[in-house]
*Asks:* 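Sharing a structure here in structure tokens format.
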Amino acid sequence: MHDQVIDPVEGAAACPACGRSGEHGEHAERRELRVPLPSAADIATLGEARAAIDGLDAALATLLEHRAAVAAAVQRLKPVGGFAGRDPARERQIVEAMAVRAPSLGPDRLARIMTAVIEAGLDAAEKR
Ligand SMILES: O=C(O)C(=O)C[C@]1(C(=O)O)C=C[C@@H](O)C=C1
């Protein structure tokens, strides 16, 4: 197991809540998620493998919860929010950027994953 800190916004220290850079008012408190990244090559047993997956899934769930909250904020800021304001070009851009970090999944599989994530976020935003 190797601990590694990933900075999802290389270089720019943009506020995840509103996109502004630097410390500012209501979003000044910054929280971060640190995740141990297990090396698949070091895993020898089914128990170890499942424990590694449970750790990664816990991080994924936390990220998905925060993504849904930010996506709901986006819907309030757009002239037309929700499913009616769907933006396929933006969704393609998201998938292409993610494919650089997840080459073994590639753009087609990531598109399926992110379509589900985006639709779940829009659905949750409608019920907030
Ligand atoms: O960026 C937007 O315009 C959003 O509404 C956010 C978001 C997303 O969840 O990432 C949701 C729907 C759009 O089709 C594109 C992206």
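Below, each value reflects all heavy atoms present in this structure, side chains not excepted, and no hydrogens, waters or symmetry copies. What you see is a predicted model, and the numbers here were worked out from it, not measured in a lab.
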*Asks:* With the side chain counted from C-beta on, respond yes when Ile118 and Arg90 share a heavy-atom pair under 4.5 Å apart, and no when they do not.
*Replies:* no

*Asks:* When clusters are formed by joining ILVMFWY residues with side-chain heavy atoms under 4.5 Å apart, either directly or through shared neighbours, do Leu64 and Val35 land in the same one?
*Replies:* no

*Asks:* For the atom pair OG1 (Thr62) and CG (Leu33), what is the distance rounded to the nearest 0.5 Å?
*Replies:* 6.0 Å

*Asks:* With hydrophobic residues grouped by side-chain heavy-atom distances under 4.5 Å, do Val117 and Leu63 end up in a single group?
*Replies:* no

*Asks:* Filter on salt bridge (Lys or Arg N to Asp or Glu O under 4.0 Å), then keep only pairs touching residues 110-126, sequence neighbours left out; what's left?
*Replies:* Arg86-Glu119, Asp123-Lys127

*Asks:* Can you give me the closest heavy-atom contact between Lys78 and Gly85, atom names plus distance?
*Replies:* NZ-O, 2.7 Å

*Asks:* Say whether, by atom type as modelled, one donor and one acceptor occur between the side chain of Arg109 and the main chain of Leu105 under 3.5 angstrom.
*Replies:* yes

*Asks:* Can you give me the closest heavy-atom contact between Val95 and Ala111, atom names plus distance?
*Replies:* CG2-CA, 3.8 Å

*Asks:* Give the minimum heavy-atom separation between Gln75 and Ala125, together with the two atoms involved.
*Replies:* CG-CB, 4.4 Å

*Asks:* About how many Å separate CD of Gln93 and CG of Asp87, when rounded to the nearest 0.5 Å?
*Replies:* 8.5 Å

*Asks:* To the nearest 0.5 Å, what is the distance between CD1 (Ile113) and CG (Asp108)?
*Replies:* 11.0 Å

*Asks:* Is there a path of hydrophobic side-chain contacts, each under 4.5 Å between heavy atoms of I, L, V, M, F, W or Y residues, that connects Val74 with Met114?
*Replies:* no

*Asks:* Between atom OG1 of Thr45 and atom CD of Glu48, what is the distance when rounded to the nearest 0.5 Å?
*Replies:* 3.5 Å

